[in-house]
Trainee: 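A single structure is presented below for examination.
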There are 2 protein chains.
Amino acid sequence: MEKSFSEIKELLIRKGLKATHQRIVIYHLLFNSFEHPTAELLFDKLKINNPSISLGTVYKTLDTFVQTGLAEKVLSETGSDRYDANLSSHHHIYYTDTKEIVDFYDSELQDLIIAFLNKKSIPNLKIKDFKIQIHGEKIDMVENQIN
Amino acid sequence: MEKSFSEIKELLIRKGLKATHQRIVIYHLLFNSFEHPTAELLFDKLKINNPSISLGTVYKTLDTFVQTGLAEKVLSETGSDRYDANLSSHHHIYYTDTKEIVDFYDSELQDLIIAFLNKKSIPNLKIKDFKIQIHGEKIDMVENQIN
DNA sequence: TCTTAAATAGGAATTATTCCTATTTAAAAT
DNA sequence: ATTTTAAATAGGAATAATTCCTATTTAAGA
């Protein structure tokens, strides 16, 4: 579900943020990215249509989004921080060979773990949420069929 | 289960690594740390008994350990990389307030998820392992009892 | 003990991120 | 519609984390 600039503007205001052009275009690009981009990658793409945008603003804005719950950081072992504005509960598949991080939705798994955690309470911990990373290798199906 | 220096030496050799003094003391300290330390933290502690050890060596050695499967990086949102030499399958509790990362063992949860993943195969993915982070706040039980 | 390939120390270089401040801008007040 | 003002931005400097470089040292095998 695509979000228009005016919808994003409303969203920012609803979160108590000043709806600046930079925030709108950063949110728009992040929301429509599926590769969990770094600040630098977003910056490079944004520069095309917003030549005067600065990298510092991209960093600061992403941090603002994380603080206000509009985005989250995706944990990654590869140097830079990566971000995600898709906040529906989902997990991630980490392809160890290609370094891709791909969204993984599975309500059955989700329900299974929620049920487990609700049943078994962990001493001294108030659970807010949980994340799963599934690590593995990409299997090229076409290649497999040929061989 | 504590590991002696000579056991660590054997372990390094078994992995095809030269059993240098630096590697032995770094492994020993990491293996006996439960806070998932950063390279810098290990370095500060190691300096006490090994004044000439260098930070570069600590970084390089940790990387060598990860490559050879003697340790792994623990995903974290807080600046520096953190490491763990405890390789028995376990997950992590992230205390959002105290920033602690604590090991979490639960064979029931482990079995539940393994059974699920075995049953449901994900197209084009050969699963190697998976990690769960449970995020939450620390509840101080004593304080709770008083109030 | 000697040889040698690999590892280390120490510091320089690089990368990622945060910080600083003069200028600009969104939005509230007029 | 204009003015006001507090907050946000651009641009670059500063900092933090990590990697790289190379002369020296060392583990392990001959």
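Numbers restart at 1 for each chain; the letters A, B, ... are given by sequence-line order, proteins then strands.
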Trainee: Without decimals, in angstroms, what is the distance between D63(A) CG and dC19(C) C1'?
Mentor: 13 Å
Trainee: Roughly how many Å is it from CD in E77(B) to C1' in dT18(C), rounded to a whole number?
Mentor: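 Distance check: E77(B) CD to dT18(C) C1' gives 17 Å.
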Trainee: Pick the closest DNA chain D nucleotide for T61(A) and for G56(B) by heavy atoms, then say which residue is nearer the 5' end.
Mentor: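 Its nearest nucleotide lies further toward 5', so the answer is T61(A).
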Trainee: Ignoring hydrogens, what is the shortest heavy-atom contact between E137(B) and Y95(B)? Give both atom names and the distance.
Mentor: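 Heavy atoms of E137(B) and Y95(B) come nearest at C-CD2, 4.0 Å.
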Trainee: With K131(A), which residues qualify under salt bridge (charged side-chain N to carboxylate O under 4.0 Å, His left out), at least two apart?
Mentor: E72(A)
Trainee: Looking only at the side chains, is there a donor atom on one of H135(B) and D129(A) sitting less than 3.5 Å from an acceptor on the other?
Mentor: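 On atom types as modelled, these side chains do not qualify, holding no pair under 3.5 Å.
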Trainee: Over all strands shown, is D81(A) touching base, sugar-phosphate only, or nothing at heavy-atom distances under 4.0 angstrom?
Mentor: sugar-phosphate
Trainee: What about the rings of H36(B) and Y83(B), do their centers lie closer together than 6.0 Å?
Mentor: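 No - the distance between ring centres of H36(B) and Y83(B) does not fall below the 6.0 Å cut-off.
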Trainee: Please give, in whole Å, the distance from dA9(C) P to I26(B) CD1?
Mentor: 8 Å
Trainee: Whole angstrom is fine here: how far is it from CZ in R23(B) over to C1' in dA9(C)?
Mentor: 15 Å
Trainee: What is the distance from CD of E10(A) to P of dA26(C), rounded to the nearest Å?
Mentor: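 Computing the E10(A):CD to dA26(C):P distance gives 17 Å.
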Trainee: Is it true that S54(A) and T57(A) share a donor-acceptor pair across their side chains at a distance under 3.5 Å?
Mentor: yes
Trainee: Taking protein heavy atoms under 4.0 Å as touching, what does nucleotides 21-30 of chain D look like 5' to 3' if B marks base contact, S marks sugar-phosphate-only contact and - marks none?
Mentor: -----BBS--
Trainee: Determine the contact category for S80(B): base if any of its heavy atoms lies under 4.0 Å from a base atom, sugar-phosphate if only primed atoms, P, OP1 or OP2 are that close, otherwise nothing.
Mentor: sugar-phosphate
Trainee: Below 4.5 Å, heavy atoms only, C-beta onward: do H92(A) and V102(A) meet side chain to side chain?
Mentor: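 They are not in side-chain contact.
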Trainee: How many whole angstroms separate atom CG of L55(B) from atom C1' of dA13(C)?
Mentor: 15 Å
Trainee: Rounded to the nearest angstrom, tell me the gap between atom CZ in F43(B) and atom C1' in dA16(D).
Mentor: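 The distance from CZ of F43(B) to C1' of dA16(D) comes to 15 Å, rounded to the nearest Å.
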Trainee: Which sits closer to the 5' end of DNA chain D, Y59(B) or T57(A), going by the nucleotide each is nearest to?
Mentor: T57(A)
Trainee: Where the side chain of S54(A) is defined as all heavy atoms beyond and including C-beta, which of dT8(C), dA10(D), dA9(C) is the nearest nucleotide?
Mentor: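 Nearest to the side chain of S54(A) among the choices is dA10(D).
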Trainee: Establish, yes or no, whether a centroid distance under 6.0 Å links the rings of H91(B) and F104(B).
Mentor: no
